[in-house]
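See structure below.
Atoms considered below: every heavy atom in the structure, side chains included; atoms not considered: hydrogens, waters and symmetry mates.
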Amino acid sequence: MLLSLIDAPKKRHPFLPARLGNVVQTCSLCLPEIKETLKTNQWLNQLRGKSPRTKKAIKNIAMSMGARAMSIVCNLLIVPLTVSYVNPTRYGVWVTLSSVIGWIAFFDIGLGNGFRNRFAEARAKGNDLLARQYLSTTYFAIGTIVMLVFGVICVLNQYVDWSAFLHIDSSYRDELKSVFAILSAFFCLNMVAGIFGIMLTADQKPGVSALINGLGQLMSLIAIFLLTRLTEGSLQNLATYYAGVPVIVMSAASVAAYSTYYKDFAPQWSSVRASLVKDVLTVGIQFFVIYICLILVFQMIMLVITRELGPEAATQYYIAKKYFNILYMVAAIIVTPFWSAFTDAYAKKDFAWMRSTVHRLEQLWLLCLAAGLLMLAASGWFYRVWIGSSVTVPFALSVSTLLFVESQTIGIIYMHMVNGIGTVRLQLVTYVLIALVSWLGMVCGGRLFGVCGVLVLPTMAYVVQAVLARIQLGKLLAGRAKGIWSR
């Protein structure tokens, strides 16, 4: 269906069908290699042990691979569509504003991740009633926060001059106010709808969550493609369909699931327990502080680039990040099931399985490193086929982005395992210290070395976090963790 739409007659942007056709052709040529890579049976066969926990993880990895493959293709196709629809400069503004809006997700003050650990613990102990109470309480708490946050955003949006804030032409002022309001509304709704996805992941079913997210992205791609055919370039339209369609899909899936398979866990007012909020926040508030620091260190990248180097530079970085982020997405697919699996294993004192899993996931990173070098060698050719000549990505930026993504990948491997155990105090202190110097470090790096300089500090932050997390895991699994290493 999607290919037939791409080949359909077009009134605007006559070069798009050919370019998108090239992207589809490129993806199809890459699929055999991707399939062969995913058959890295030497590694996967090692992972296929007799442990039911491992078998469940493998099942979810396989399911997530299919869903993420669809997401990757959708992401690759959306970029040239949107760049052409709103032009490269406005696209840079769009991705920067989207990045800023993404900060809203962290206003759940860690309730989402705290709930994830508590729900998994309750299920591991067979206490389904408590699990349901955690779910209902989390919906209530996050829903309350969302209403307050959205109210504050609506007031602030009346007074903030986004064009001045982003250092861009004042002609964008009114349009950006409207876009900010639309994105804020859907991101707030997504915070509530996304609890269902968190619950699936906590129940060791991240593959199902990935399938729902992939379907949302596919529907969003179709909607945006139709926009390019039927309307003139509009950031408001782009914001509505890009952010709105996935929320609708996730909401519909959650309603259907709570009516059938998860009927016994369906959120109810009678299951809300205010006393459980504190229990969730015991771990959740630490996640909240960590994620605030992550905003200051990583979510500021796009903002610094736009303010210091212009929206065109932001577009260049975004394209390079989208390309190399495929590595991160694949790693995240494999690693995600092990967060809740580690919660389950730690509760049951299954340290042998945990040590074995750490070793195997480290082997995963070595595969990502090798794959990244191959992607770097092919990057120039891929950009030309994918984006065409409208945007040029310097090779030095590709190298810097690859280093950033590789550091991010090894970081998430260790971070997911530590987060599953719930000992995040060391991680919290590390990110707080890095966050204190993040803005100044990235601005100075950008002024001295351009976009590549902006990426130096975030890359080093993930490297430091990964080294410390690996040491912490060793201590925890050997029973030698004390002080900050055990909190």
* Stepwise, does the side chain to side chain contact (heavy atoms under 4.5 Å, CB included) test hold for Trp485 with Ile471? -> CA-CA 9 Å; Trp485 300 97; Ile471 296 172; 3.8 Å; yes
* Asked: Quick check, are the ring centers of Tyr346 and Phe342 under 6.0 angstrom apart?
  -> no
* **Salt bridge present between Lys348 and Asp350 (N-O < 4.0 angstrom)** => no
* What is the distance from atom CZ of Phe140 to atom CG of Leu135, rounded to the nearest 0.5 Å? -> 14.0 Å
* Do Glu362 and Arg470 pass the side chain to side chain contact (heavy atoms under 4.5 Å, CB included) test, and can you show the C-alpha distance, the side-chain angles, and the key distance before you say yes or no? -> CA-CA 10 Å; Glu362 287 172 337; Arg470 182 62 183 87; 2.4 Å; yes
* To do: Please confirm whether the backbone N or O of Ile153 pairs with a side-chain atom of Asn157, one donor and one acceptor, at under 3.5 Å?
  => no
* **Interatomic distance, Tyr414 atom OH to Gln427 atom CD [nearest 0.5 angstrom]** => 14.0 Å
* To do: With the side chain counted from C-beta on, respond yes when Ser379 and Val393 share a heavy-atom pair under 4.5 Å apart, and no when they do not.
  => no
* Are Leu473 and Ile421 close enough that some pair of their side-chain heavy atoms sits under 4.5 Å apart? -> yes
* Structure fact -> Shortest non-hydrogen pair, Glu121 vs Thr343, comes out as CG-CG2, 3.6 Å
* First locate atom OG1 of Thr430, then atom CG of Leu426, and finally report the distance between them rounded to the nearest 0.5 Å. => 4.5 Å
* **Side-chain donor/acceptor of Thr409 to backbone N/O of Val405, under 3.5 Å** => yes
* Asked: Taking it one step at a time, do Asn190 and Phe186 satisfy side chain to side chain contact (heavy atoms under 4.5 Å, CB included)?
  -> CA-CA 6 Å; Asn190 189 59; Phe186 283 119; over 6 Å; no
* Structure fact -> Here the gap from Ile182 atom CD1 to Leu238 atom CG, rounded to the nearest 0.5 Å, amounts to 10.0 Å
* Ignoring hydrogens and angles, tell me if any N or O in the side chain of Arg355 forms a donor-acceptor pair with the backbone of Leu477 under 3.5 Å. => yes
* Asked: Heavy atoms, side chains only, cut-off 4.5 Å: are Lys321 and Tyr318 in contact?
  -> no
* **Steps toward side chain to side chain contact (heavy atoms under 4.5 Å, CB included) verdict (Leu221, Leu81)** => CA-CA 9 Å; Leu221 170 65; Leu81 275 174; 3.7 Å; yes
* To do: Find out whether Thr201 and Arg116 are in side-chain contact, i.e. whether some heavy atom of one side chain is under 4.5 Å from a heavy atom of the other.
  => yes
* Asked: So do Ile301 and Phe404 actually touch side chain to side chain, heavy atoms under 4.5 Å?
  -> yes
* Asked: Quick one: SG on Cys452 to OH on Tyr317, what's the gap to the nearest 0.5 Å?
  -> 11.0 Å
* Structure fact -> Scanning both residues in full, the closest heavy-atom pair of Ile410 with Ala466 reads CG2-CB, 4.0 Å
* Hey, what do you get for NZ (Lys125) to CG (Asp344), rounding to the nearest 0.5 Å? -> 11.0 Å
* Asked: How about Phe187 and Val247: do any of their side-chain heavy atoms sit closer than 4.5 Å?
  -> no
* To do: Report yes or no: does Gln217 contribute a side-chain atom to a donor-acceptor pair with the main-chain N or O of Pro246 at less than 3.5 Å?
  => no
* side-chain hydrogen bond (donor to acceptor under 3.5 Å, both in side chains) between Tyr383 and Ser398, intermediate numbers included -> CA-CA 10 Å; Tyr383 295 145; Ser398 292; 3.0 Å; yes
* Minimum heavy-atom distance between Leu397 and Ala320, given as atom pair plus value -> CG-CB, 4.4 Å
* To do: Mark yes when over 12 heavy atoms from residues, nucleotides or ligands other than Phe351 sit less than 6.0 Å from its CZ; otherwise mark no.
  => yes
* **Smallest separation among heavy atoms of Leu327 and Glu406, with atom names** => CD1-OE2, 3.6 Å
* **Where Gln472 and Ile484 come nearest, the two heavy atoms and their spacing** => NE2-O, 4.2 Å
* Evaluate the side-chain proximity of Leu403 to Leu455: yes if any heavy-atom separation is below 4.5 Å, no if none is. => no
* Is the side chain of Ser209 donor-acceptor paired with the backbone N or O of Pro206 at a distance under 3.5 Å, no angle test? -> no
* **Beyond-backbone contact of Leu130 with Leu276, side-chain heavy atoms, under 4.5 angstrom** => yes
* Fit a plane to each ring of Tyr323 and Trp386, take the angle between them on a 0 to 90° scale, and name the class: parallel (under 30°), tilted (30 to 60°) or perpendicular (over 60°). => tilted
* What's the shortest heavy-atom distance between Lys205 and Asp203, and which atoms? -> NZ-OD2, 2.9 Å
* For atom CE of Met329, is the number of surrounding heavy atoms from other residues, nucleotides or ligands below 6.0 Å larger than 12? -> yes
